[in-house]
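This is the structure, below, for whatever I ask next.
Atoms within each ligand, like the ligands themselves, are counted from 1 in listed order.
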Amino acid sequence: MRLMICSVLLMMAFASCKTKVQDKEAVLNTEMHTFSNYEQVTCKHLDWKAIVDFDHKRIRGQATWSFENKSKAQHIHFDTYALGIKQVKVNGKVVTYNLGKFDPVYGSGLSIPIGENDSIVSIEYQTGPTAIALQWLTPEQTAGKVLPYLFTQCESIFARSLLPCQDVPAIRITYNADLQVPKGMMAVMSAKNPTERNPQGLYHFEMEVPIPSYLIALAVGDISYKAIDERSGVYTEPCMLDKAAWELSDIPAMMKAAEALGGPYKWGKYDVLIAPPSFPIGGMENPRLTFATPTIIAGDKSLVSLIAHEMAHSWSGNLVTNATWNDIWLNEGYTTYFERRIMESISGTSYNDMLWELGYQDMESDFKDFGMKSPDTRLRVELKGRNPGEGFTNIPYEKGAVFLRMLEENTGREKFDKYLNDYFQSNAFTPMTTKKCLEYMDEHLFNHDEALRKKLKVDEWVYEPGLPDNCPHTNPARFVAVDSARMAFEKGGMAKAIQTTAWSTHEWLQFLRKISHPLPADKMKDLDNAFKLTGTGNSEIADEWYKLCIASGYETAYPAMEKFLASVGRQKFLEPLYGEMMKSEKGKGMAKTIFSNSRSNYHPITALKIEKILKGK
Ligand code: BES
Ligand code: ZN
C-alpha cells in the first residue's frame with residue numbers, strides 16, 4: 001500500500017514538475033503560429049515607448065502590456081523575433097524571464113512569471129539586425145533622397161520582431177505610443193496621426209479601437225501630409241505629395257461606396273501613406289493609414305483599385321478578422337470581392353469586368369503551378385507548422401472572391417448585400433473561423449436551406465481543391481475587342497493599326513499577357529515604336545512588357561528594365577521578371593548581375609525570395 005502511495009506521490013510530483021517546466025518554456029502552438037499563451041493570459045493594451053535610432057538601425061523600446069490572467073496562469077508567454085531583452089518588470093518588480101531557443105520562422109518564446117493578481121508587464125528591449133518587420137532605407141533609397149526612412153510591415157507574424165507581443169490574429173489590443181525620432185523627421189502609425197512635424201521629433205499616438213498585432217505599423221521619414229477631404233488624405237515624401245493627392249482623389253467616392261456595402265466606417269480617418277519605391281508589397285491595410293507602393297501613382301488613376309482593396313479591409317480583415325492564418329480567405333477573399341464592388345460603383349461594370357477577368361487569370365495561373373488537386377488550392381488552407389506566408393497565393397484572393405460572386409449571383413444582390421452588411425456588423429471586432437463563417441452563412445444567407453447549400457457546392461468550394469463547375473466566368477466585352485486587335489496584329493497587321501487610345505491599363509495587360517511569347521523581333525520593334533512601351537511609367541504595363549521582352553530576347557528594352565528592377569521593390573513585379581530571366585543561359589547571367597546591383601534596394605524577405613529563384617528553387 002505504502003509503495004503504491006509513494007509511487008502515486010512520485011507520479012504527481014513528476015507531473016507537476018513537468019507542467020512547471022512546460023509553463024516556464026513557452027511552447028510553440030503550430031496551429032496558431034505563436035509561442036504565446038493568449039487564451040490563458042490575454043494582453044489587452046500596449047503602452048509603447050521607443051527611440052528610433054537610424055545610426056544603429058534599431059529601435060530601443062519599452063513595451064508595457066496590461067493583461068488579463070483568466071486562468072490563474074503562473075506565466076505569461078510572448079512572441080519575440082531577434083529581440084535583445086534588457087529587463088522585465090511585473091507590476092513594477094524586476095523578474096527573471098526565460099527566452100527560448102530561436103526558430104528562423106517563429107522567433108523565440110519569452111516566458112515571464114506572474115502572480116495571480118498581477119496585471120502589468122513591462123519589457124525593455126531592442127530590435128535585432130534581422131528584424132523582419134523593419135526596412136531601413138538610406139536617403140538614396142527614397143524618392144526624395146533627403147532623409148533616411150523606416151517602415152514596418154507586420155503581417156502575418158512579423159510584429160514580434162518590432163516588439164514583444166502575443167502575435168496572433170485571434171486577440172485584439174488597443175495601444176498608445178510615445179516615440180522619439182531624429183529631429184526634423186515625421187512619424188506616423190496605424191493610429192491617430194499628426195499632420196505636422198514635431199521639431200523635437202517627439203510623437204504621441206493612440207489607437208483606441210482594438211486591433212490584432214499584425215496591424216501595428218510605423219513609418220518614419222521625410223513625410224508630409226495633404227488632405228483630400230476632411231476624413232482622408234495622403235502622407236508621402238514632399239516630392240510626391242501633389243501627384244499622389246491627385247491620383248488618390250477618388251478616395252471619398254470609394255469610401256461612400258464602401259460604406260454603402262459594409263456599413264459605417266468605424267476607424268475615424270482613412271489616410272494613405274505612399275511609401276518609398278522599395279516597399280515590398282502593393283499595399284497593407286494598416287488601420288486609419290493604408291501603406292501603399294508608389295508604383296500605383298501612374299498619372300492617370302488607372303491603378304487605384306489597390307486602394308479600394310486596402311480600404312475594403314477596414315471591414316473584411318480589420319473589423320472581422322481571420323482567427324488563424326488558415327482562414328486567410330476570410331480576409332483576402334472577402335476583401336477582393338468588396339474591392340470589385342467598390343470599383344463597380346465608381347467605374348462601372350464594363351471596367352470592373354476586366355478586373356474580374358485579370359484576377360481569374362491570376363487564379364488560373366496558380367492552379368496551373370500548384371496542380372488542380374493541390375491541397376493549397378483549397379479556400380481553407382492548412383498551414384499548421386508552416387510559414388503562414390505560404391498561404392498568401394492568388395487562391396484565397398481570387399477563388400475566395402469568385403466564390404462570393406457565385407453566392408451573390410445565385411441568391412440575388414439584394415439578399416447577398418444584406419447578408420454581407422449583417423456579417424460585418426454582427427461579427428465586428430471578433431475573430432472569424434471558416435466554420436463560423438459558414439454557420440453564419442447557413443443562418444443568414446441560406447436560411448438553413450440544406451438543399452440550396454448543396455446545390456451551390458459550398459463545401460466543395462471551401463474545403464476541396466480545384467474549382468467547382470458553378471464558377472462564374474464571363475469574358476469582358478472590352479477584352480473581346482482587345483483580343484481581336486491582337487490576333488490581327490499577330491497575323492501580320494501593323495501596330496499603328498491597333499486602336500489603343502481608349503485603352504486603360506487593363507486592356508494593355510490583356511494584350512500583353514495573351515500575345516504569343518516569344519514575339520518575333522520585327523513585331524517587338526513595331527510595338528515598341530508605336531506605343532513607347534520601353535521605359536513606361538506604368539509599373540503594371542512595364543512588368544508585362546519586360547516579361548515579353550525577356551521571352552523574345554528584345555535587348556533594346558534591357559537597360560530600362562534594369563532600371564525598373566533596381567528601383568522597384570515590389571515582389572509581385574520582381575519575381576516574374578527574375579523567373580523569366582532564369583529560363584535561358586544568357587538570362588541567368590543577366591539576372592545575377594542585376595540582382596547583385598539591386599539587392600540593397602530590396603526588402604530582406606524579397607531578397608531571400610529572389611535568391612531562391614536564382615538558385616533554381
Ligand atoms: N494584406 C495584404 C498584404 C499582405 C499580403 C501582407 C501577404 C502580408 C502577406 C494586402 O491587403 C494585399 O492584399 N495587398 C496586395 C494588393 C491587392 C490589391 C491584391 C499586394 O500587396 O499585392
Ligand atoms: Zn488584401
- Taking only heavy atoms of Phe392 into account, list the atoms of ligand 1 that are under 4.0 Å away from them. 5 (C), 7 (C), 9 (C)

- Message: Checking the side chain of Thr80 only, and the main-chain atoms of Ser108 only, is there a donor and an acceptor separated by less than 3.5 Å?
- Response: yes

- Considering only NZ, NE, NH1 and NH2 on the basic side and carboxylate oxygens on the acidic side, decide whether Arg405 and Glu344 come within less than 4.0 Å. no

- Do me a favour and list the nearest non-hydrogen protein atom to atom 8 (C) of ligand 1 with residue, atom name and distance? Glu155 O, 3.4 Å

- Query: Nearest heavy atom to atom 21 (O) of ligand 1: which of Gly282, Pro280, Cys154, Ala312 does it belong to?
  - Reply: Gly282

- In terms of ring plane angle, is the pair Tyr270 and Tyr265 parallel, tilted or perpendicular, where the classes change at 30° and 60°? perpendicular

- Just which atoms of ligand 1 are under 4.0 Å from any heavy atom in Glu310? 10 (C), 11 (O), 12 (C), 14 (N), 16 (C)

- Hey, does the Lys NZ or Arg CZ of Lys301 hover above the aromatic six-ring of Trp246, less than 6.0 Å from the centre and inside 45° of the axis? yes

- Message: Is there a polar contact, in the sense of an N or O pair closer than 3.5 Å, between His309 and ligand 1?
- Response: yes

- Query: Salt bridge check: are Asp376 and Arg386 linked by an N-O gap of less than 4.0 Å?
  - Reply: yes

- Message: Determine whether a donor-acceptor pair (N or O, by modelled atom type, separation under 3.5 Å) exists between the side chain of Thr377 and the backbone of Gly466.
- Response: yes

- Of all protein heavy atoms, the one nearest atom 2 (C) of ligand 1 is Glu332 OE2, 3.3 Å

- Item | ligand 1 versus His313: contacting region, heavy-atom distance under 4.0 Å | side chain

- Note on the structure: Counting heavy atoms under 4.0 Å, the part of Glu285 that contacts ligand 1 is side chain

- Task: Run down the list Gly389, Gly391, Gly317, Gly283 and name the one with the heavy atom closest to atom 14 (N) of ligand 1.
- Result: Gly283

- Message: Working to 10°, measure the angle at the Zn ion (ligand 2) formed by atom NE2 of His309 and atom NE2 of His313.
- Response: 100°

- Query: Are Lys572 and ligand 1 in contact, using a heavy-atom cut-off of under 4.0 Å?
  - Reply: no

- Message: Check Glu398 with Arg340, please: is the shortest side-chain N to carboxylate O separation under 4.0 Å?
- Response: yes

- Item | Residue and atom name of the nearest protein heavy atom (relative to atom 13 (O) of ligand 1), distance in Å to one decimal | Tyr397 OH, 2.6 Å

- Query: Can a non-hydrogen atom of Gln153 be found less than 4.0 Å from any atom of ligand 1?
  - Reply: yes

- Using the six-membered ring wherever Trp is involved, compare the ring planes of Tyr106 and Phe35 and label them parallel, tilted or perpendicular (cut-offs 30° and 60°). perpendicular

- Message: Can you tell me if, anywhere in Glu332, an N/O/S atom lies at a distance from the Zn ion (ligand 2) that is smaller than 2.8 Å?
- Response: yes

- Message: I'd like to know if the side chain of Ser190 reaches the main chain of Ala217, judged simply by a donor and an acceptor atom lying under 3.5 Å from each other, with no hydrogens or angles considered.
- Response: yes

